[in-house]
Amino acid sequence: MTLFITMDCLRILKKINMEQTDFPILKQALRIYLTGSGLDIAELLVCRVDFARNIKLPDEERALMISILQKASIKAFYVRRHERYERYETSIYYKSKSRTIQLYDKPAERRSNRAPVMTWEQGVLRFEYQLKLEHLKYLVRKNKKQTEHSERIRDNIFGRHFDDILNWPVYCALIGEALKHTFYYGDFWSIDRATVRLNKSELSQSMKVRLRTFLVDISRSGMDKACKKRNSQTAQSYRRLLQELNINPILIPKNQKKSFLKNPFSAFVMENGFG
């Protein structure tokens, strides 16, 4: 007989985000739940994990960030934008057979499901990375040819037990890797303010012009069409250079009142050394 246990960590903690100090609390909660069952935590295997980072923002900033990031690539990081959710203005949804990446307005999602909004979910924009069994097995089995981020993951994932996967370095690295390839690092700027940052950099004048043109192309037609004008290595190098200048490649449109919007998800990854 197979026993499945679903653990809602934020509901247990009753807080907006899970932090490093919370892992022992969650482990103890699971241990208490298993009391009398004859089972030990060491016997359990993780078959799915949903890693999420929540940021509390005003309504207009949540809406603006989702609107801006609709211009991200349709296909990235071996996941594809799910057509079923294209009509929704409160979420962006990527999916493959073994993974899901979402950015969505949590209160709006609760309301659409006719569920109550918990106190720790109010005003929340959520970035979520769901890993199903197939991908968890992949991470354990084949990490030798992965990126620098995944090398850090490999140092920590030895199996599918609670302690192997639910630990802080794995959480930060997985969130960081998913963010980098789908919604990118860097704060959001208007074209005028991004140009000022470019001009203040030590890049060559010709590179400043090329990067500005890249930003304008993305703003006008989206990431995919902008990248088609360049080879993949060039587009990748442009995104890397913009990241180093803390410029997200997707601009704030000219018709918006704001000319700057901090990217709190990117800030979290950078602060924890996985940028």
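Index from 1, following the sequence.
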Which donor-acceptor pairs under 3.5 Å do side chains of residues 252-262 form with protein atoms, sequence neighbours excluded?
residue: K258; atom: NZ; partner: E61; partner atom: OE2; Å: 3.2
residue: S259; atom: OG; partner: R193; partner atom: NH1; Å: 3.4

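Checking side-chain atoms of R53 against main-chain N and O of M18 turns up a donor-acceptor pair under 3.5 Å. With hydrogens and angles ignored, the 3.5 Å screen pairs a side-chain donor or acceptor of R81 with a backbone N or O of Q70. Judged by distance alone, the side chain of H181 and the main-chain N or O of A76 form no donor-acceptor pair under 3.5 Å. In this structure, the side chain of S67 does not engage the main chain of A63 through any donor-acceptor pair within 3.5 Å. Not one N or O on the side chain of S219 forms a donor-acceptor pair closer than 3.5 Å with the backbone of L215. Put simply, the side chain of S91 never gets that close to the backbone of Y93: no donor and acceptor are under 3.5 Å apart. Looking at T35, its side chain does come within 3.5 Å of a backbone N or O of I32 through a donor-acceptor pair. The main-chain N or O of F183 is found under 3.5 Å from a side-chain atom of N248 such that the two form a donor-acceptor pair. Between the side chain of K208 and the main chain of N199, a donor-acceptor pair closer than 3.5 Å is present. Judged purely by atom type and a 3.5 angstrom limit, H161 has no side-chain atom pairing as donor or acceptor with the backbone of V46.
In terms of heavy-atom proximity, R110 sits nearest to P116 at CD-O, 3.5 Å. Scanning all heavy atoms of the two residues, the minimum distance from N17 to A52 falls at OD1-O, 4.2 Å. What you find for G186 and N246 is that their closest heavy atoms are CA-OD1, 3.4 Å. Here the shortest heavy-atom pairing between L136 and C47 reads CD1-C, 3.8 Å.
Residues passing the side chain to side chain donor-acceptor pair (under 3.5 Å) test with R62 are D59, D105, sequence neighbours excluded. Listed by chain and residue number, D22 satisfy the salt bridge (Lys or Arg N to Asp or Glu O under 4.0 Å) test with K15 (two or more places apart in sequence, or in another chain). Applying the ring-ring contact (aromatic ring centres under 6.0 Å, His included) test to F23 and every residue at least two apart in sequence or in another chain returns nothing. Listed by chain and residue number, I74, K75 satisfy the side chain to side chain contact (heavy atoms under 4.5 Å, CB included) test with R80 (two or more places apart in sequence, or in another chain). By the ring-ring contact (aromatic ring centres under 6.0 Å, His included) test, F188 pairs with no residue at all, sequence neighbours left out. Residues that satisfy the side chain to side chain donor-acceptor pair (under 3.5 Å) test with W168, not counting sequence neighbours, are N272. Partners of R99 according to the salt bridge (Lys or Arg N to Asp or Glu O under 4.0 Å) rule, which considers only residues two or more places apart in sequence or in another chain, do not exist here. By the salt bridge (Lys or Arg N to Asp or Glu O under 4.0 Å) test, K27 is found to be paired with D163, residues two or more places apart in sequence or in another chain being considered. Residues passing the ring-ring contact (aromatic ring centres under 6.0 Å, His included) test with F214, sequence neighbours excluded: Y238. Qualifying side chain to side chain contact (heavy atoms under 4.5 Å, CB included) partners for T6, counting only residues two or more places apart in sequence or in other chains: none.
Counting heavy atoms of neighbouring residues, nucleotides and ligands inside a 6.0 Å radius, atom CZ of R220 does not exceed 12 of them. The number of heavy atoms from other shown groups lying within 6.0 Å of CD (E43) is above 12.
In this structure, CZ on R197 lies 6.0 Å from CD1 on I247, to the nearest 0.5 angstrom. In this structure, CG on L166 lies 10.0 Å from CD1 on I41, to the nearest 0.5 angstrom. Taking CG from L34 and CG from D40, the interatomic distance works out to 7.5 Å, rounded to the nearest 0.5 Å. With values rounded to the nearest 0.5 angstrom, T119 atom OG1 is found 10.0 Å from I16 atom CD1.
Here ring-ring contact (aromatic ring centres under 6.0 Å, His included) pairs that include residues 25-60, with residues two or more places apart or in two chains, are F51-Y171.
Q236 and R239 form no side-chain donor-acceptor contact under 3.5 Å, judged by distance and modelled atom types alone.
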